*Asks:* 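Below you will find the structure I want to go over with you.
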Amino acid sequence: MSSTAPDPCRDLLDAEDRDRVLSLAFAPEDRRADLAALYAFNVEIARVRDHISQPLPGEIRLQWWRDVIAGTGEAETTPGGGAAGHPVASRLLEAIDTHRLPRPAFDRMIEARIFDVYDDPMPDRTAFEAYAGETASTLIILAATVLSRDHADGIADAAGHAGVAQTVAGVLRLLPIHRARGQVYIPADILAAAGCTSEELMAGEEEPAARAISAMVAFGRHHAEAARRHYRSVPKPVRPAFLPALLAVPYLDRIERSGIRLLQESPDFASPRKAFVYWRMMRA
């Protein structure tokens, strides 16, 4: 795709995922459009819950993506039509073919997102790590494959920890939205260890909620530190795939400073600061 041609994937990222769109500047120019398609797909499946009021339409939409990627005929008769009628889907399929991306990985990402369309609580840390592994960590590995297939082997541990840290920061930043929906992503065993019930968290009871947030931050920091250790051995050609996840630490810092205000507002920081973090990590 020409760098001057309209790119619906990039436009979607500009609106919905500033962290990943900023990271594209640190990738080789000839890989940016395919990375944008991959990241736009992630936006599409991550925001399914935003557009439904009942789980069934969400499952149907996720199944549509599964059918499109698998190349089955069912996609032609479900909402949105086939890939040719969906700019993100068509660009994603091009990227999959160009870089020989493993289609089962996309299937696992979609399967994990079924959790989002229901209000079931996250049962424990192991389940959370599995959810993060099939979503954020898988996305890192796929992005690394787009960047350099030859250098994408051996990064599973780094991607695993980075994805969990990123997901911890993400669900904490989304806590106001999740509370409004009645969703609880903080694992039940972390809530229990913090002396907070899911009902107290949803009700915004300050003391138990503050303990639960602190415990979740500690969980995220544990994985972020492990990710940083592994990142030192990540080959430079695939490091741009990790950049959005490496914002977990500055996000966790801001979450910790926000304290109980996190129940009402999501902390963020300016794009130039994020770009500086990316630049520094690319040079590490």
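Keep in mind the model is a prediction, meaning the values are calculated, not measured.
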*Asks:* Check the pair His86, Glu44 against side chain to side chain contact (heavy atoms under 4.5 Å, CB included), reporting the backbone distance first and the verdict last.
*Replies:* CA-CA 11 Å; His86 194 296; Glu44 290 280 6; 3.4 Å; yes
*Asks:* Answer yes if Met282 and Leu22 sit in the same cluster of Ile, Leu, Val, Met, Phe, Trp and Tyr residues linked by side chain heavy atoms under 4.5 Å apart, and no otherwise.
*Replies:* yes
*Asks:* Regarding Arg239 and the six-membered ring of Phe26, is the cationic atom NZ or CZ under 6.0 Å from the ring centre and inside 45° of its axis?
*Replies:* no
*Asks:* Rounded at 0.5 Å granularity, tell me how far CZ in Arg228 sits from CZ in Phe242.
*Replies:*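 CZ of Phe242 is found 13.0 Å from CZ of Arg228.
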*Asks:* For residues Leu252 and Gly220, report the shortest heavy-atom separation together with the two atoms involved.
*Replies:*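 Minimum heavy-atom contact is CD1-C, 3.7 Å.
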*Asks:* With heavy-atom distances below 4.5 Å as the criterion, would you say the side chains of Thr167 and Val171 are in contact?
*Replies:*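 Answer yes - side chains close enough.
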*Asks:* Are side-chain N/O atoms of His223 and Gln166 paired as donor and acceptor at under 3.5 Å?
*Replies:*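 Distance-only check fails for His223 and Gln166.
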*Asks:* Taking side chain as C-beta onward, heavy atoms only, is Glu134 less than 4.5 Å from Asp107?
*Replies:* no
*Asks:* Between Arg179 (side chain) and Leu201 (backbone), is there a donor-acceptor pair under 3.5 Å?
*Replies:*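 Yes: the side chain of Arg179 pairs with the backbone of Leu201.
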*Asks:* Measuring from atom CZ of Arg283 to atom NZ of Lys236, what distance do you get when rounded to the nearest 0.5 angstrom?
*Replies:*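 Separation between the atoms: 9.0 Å.
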*Asks:* Take Glu205 and Arg211, measure what salt bridge (charged side-chain N to carboxylate O under 4.0 Å, His left out) needs, and give me the verdict at the end.
*Replies:* CA-CA 10 Å; Glu205 296 190 21; Arg211 292 195 300 269; over 6 Å; no
*Asks:* If you define the side chain from C-beta out and look only at heavy atoms, does anything of Pro102 sit under 4.5 Å from Leu142?
*Replies:* yes
*Asks:* Apply the test salt bridge (charged side-chain N to carboxylate O under 4.0 Å, His left out) to residues Arg10 and Asp17: give CA-CA distance (whole Å), side-chain angles for both, the deciding distance (0.1 Å), then the verdict.
*Replies:* CA-CA 10 Å; Arg10 182 69 176 256; Asp17 193 343; over 6 Å; no
*Asks:* Looking at Ile155 and Ala144, what are the two nearest heavy atoms and their distance?
*Replies:* CD1-CB, 3.4 Å
*Asks:* Is there a side-chain contact between Tyr131 and Arg113 (heavy atoms, below 4.5 Å)?
*Replies:* yes
*Asks:* Is there any ring pair (Phe, Tyr, Trp, His ring centres under 6.0 Å) pair reaching into residues 189-212, and which pairs are they, with sequence neighbours excluded?
*Replies:* none
*Asks:* With no hydrogens and no angle check, do the side chains of Tyr39 and Asp19 hold a donor and an acceptor under 3.5 Å apart?
*Replies:* no
*Asks:* Which atom pair, heavy atoms only, marks the closest approach of Tyr278 to Leu247?
*Replies:*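 The answer is OH-CD1, 3.3 Å.
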*Asks:* Report the distance from atom CG of Asp253 to atom OG of Ser258, rounding to the nearest 0.5 Å.
*Replies:*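 Rounded to the nearest 0.5 Å, the CG-OG separation comes out at 10.5 Å.
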*Asks:* So do Asp119 and Arg49 actually touch side chain to side chain, heavy atoms under 4.5 Å?
*Replies:* yes
*Asks:* Calculate, to the nearest 0.5 Å, the distance between atoms CG and CD1 belonging to Leu101 and Ile141 respectively.
*Replies:* 12.0 Å
*Asks:* Are Gln63 and Arg66 close enough that a side-chain donor and a side-chain acceptor fall under 3.5 Å?
*Replies:* yes
*Asks:* Counting C-beta onward and ignoring hydrogens, is there a side-chain heavy-atom pair between Glu199 and Val184 closer than 4.5 Å?
*Replies:*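 A side-chain contact is absent here, since even the closest heavy-atom pair is not under 4.5 Å.
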*Asks:* Please name all residues satisfying ring pair (Phe, Tyr, Trp, His ring centres under 6.0 Å) with Phe128, sequence neighbours left out, ordered by chain then number.
*Replies:* Phe219
*Asks:* Would a distance-only check, ignoring hydrogens and angles, find a side-chain to backbone donor-acceptor pair under 3.5 Å from Arg125 to Asp189?
*Replies:*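 Such a contact is absent between Arg125 side chain and Asp189 backbone.
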*Asks:* Are the side chain of Arg91 and the backbone N or O of Ala37 linked by a donor-acceptor pair below 3.5 Å?
*Replies:*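 Checking the backbone N and O of Ala37 against the side chain of Arg91, no donor-acceptor pair under 3.5 Å is found.
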*Asks:* I need the minimum non-hydrogen distance between Arg32 and Ala27, along with the two atoms involved.
*Replies:* NE-O, 2.9 Å
*Asks:* Output, in order, the C-alpha distance, side-chain angles, deciding distance and verdict of side chain to side chain contact (heavy atoms under 4.5 Å, CB included) for Arg47 and Leu12.
*Replies:* CA-CA 12 Å; Arg47 68 176 185 173; Leu12 178 60; 3.5 Å; yes
*Asks:* If I compare all heavy atoms of Met109 with all of Thr135, which pair ends up nearest, and what's the gap?
*Replies:* CE-O, 4.0 Å
*Asks:* Short question: side chain of Ser148, backbone of Pro237 - any donor-acceptor pair under 3.5 Å?
*Replies:*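 Answer holds: no.
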*Asks:* Determine the minimum heavy-atom distance between Ala143 and Leu38, stating which atoms define it.
*Replies:* N-CD2, 3.4 Å
*Asks:* With a sphere of 6.0 Å drawn around CZ of Arg280, does it hold more than 12 non-hydrogen atoms of other residues, nucleotides or ligands?
*Replies:* yes
*Asks:* Would you please test Leu172 and Ile186 for side chain to side chain contact (heavy atoms under 4.5 Å, CB included) and show each step?
*Replies:* CA-CA 8 Å; Leu172 286 173; Ile186 297 179; 4.3 Å; yes
*Asks:* Atom CZ of Arg261 and atom CG of Leu263: how far apart are they, to the nearest 0.5 Å?
*Replies:*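 Going from CZ on Arg261 over to CG on Leu263, the span is 11.0 Å.
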*Asks:* Give a yes or no on whether the backbone of Gly71 and the side-chain of Arg103 come within a donor-acceptor separation of less than 3.5 Å.
*Replies:*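 No.
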*Asks:* Less than 4.5 Å apart, any side-chain heavy atom of Ile60 and any of Leu56?
*Replies:*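 With C-beta onward as the side chain, the pair touches.
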*Asks:* For a side chain to side chain contact (heavy atoms under 4.5 Å, CB included) check, start with the C-alpha distance between Ile110 and Ile69, then their side-chain angles and the critical distance, and finish with the verdict.
*Replies:* CA-CA 10 Å; Ile110 294 166; Ile69 292 169; 4.1 Å; yes
*Asks:* Counting N and O atoms only, with roles assigned by atom type, does the side chain of Thr197 sit under 3.5 Å from a partner on the main chain of Glu200, one being a donor and the other an acceptor?
*Replies:*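 Flag set: sc Thr197 to bb Glu200 pair under 3.5 Å.
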*Asks:* Check whether Ser23 reaches the backbone of Arg20 with its side chain - one donor and one acceptor, N or O, closer than 3.5 Å.
*Replies:* yes
*Asks:* If we ignore hydrogens and angles and just use 3.5 Å, is the side chain of Arg61 paired with the main-chain N or O of Val48 as donor and acceptor?
*Replies:* no
*Asks:* Taking the side chain as everything from C-beta on, heavy atoms only, tell me whether Ser266 gets closer than 4.5 Å to Leu174.
*Replies:*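 The answer is no; the side chains never approach within 4.5 Å.
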*Asks:* Angle between ring planes, His161 versus His230, binned at 30° and 60°: parallel, tilted or perpendicular?
*Replies:* parallel
*Asks:* Main chain of Asp116, side chain of Gln183: is a donor-acceptor contact present, judged purely on distance under 3.5 Å?
*Replies:* yes
*Asks:* Tell me which one of Arg18, Arg173, Arg273, Arg254 satisfies salt bridge (charged side-chain N to carboxylate O under 4.0 Å, His left out) with Asp268.
*Replies:*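 The option that passes is Arg173.
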*Asks:* Can you tell me how far the CZ atom of Arg229 sits from the CD atom of Glu225, to the nearest 0.5 Å?
*Replies:* 5.5 Å
*Asks:* Give a yes or no answer on whether the side chain of Tyr251 reaches the backbone of Val168 with a donor-acceptor pair at less than 3.5 Å.
*Replies:*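 Answer holds: no.
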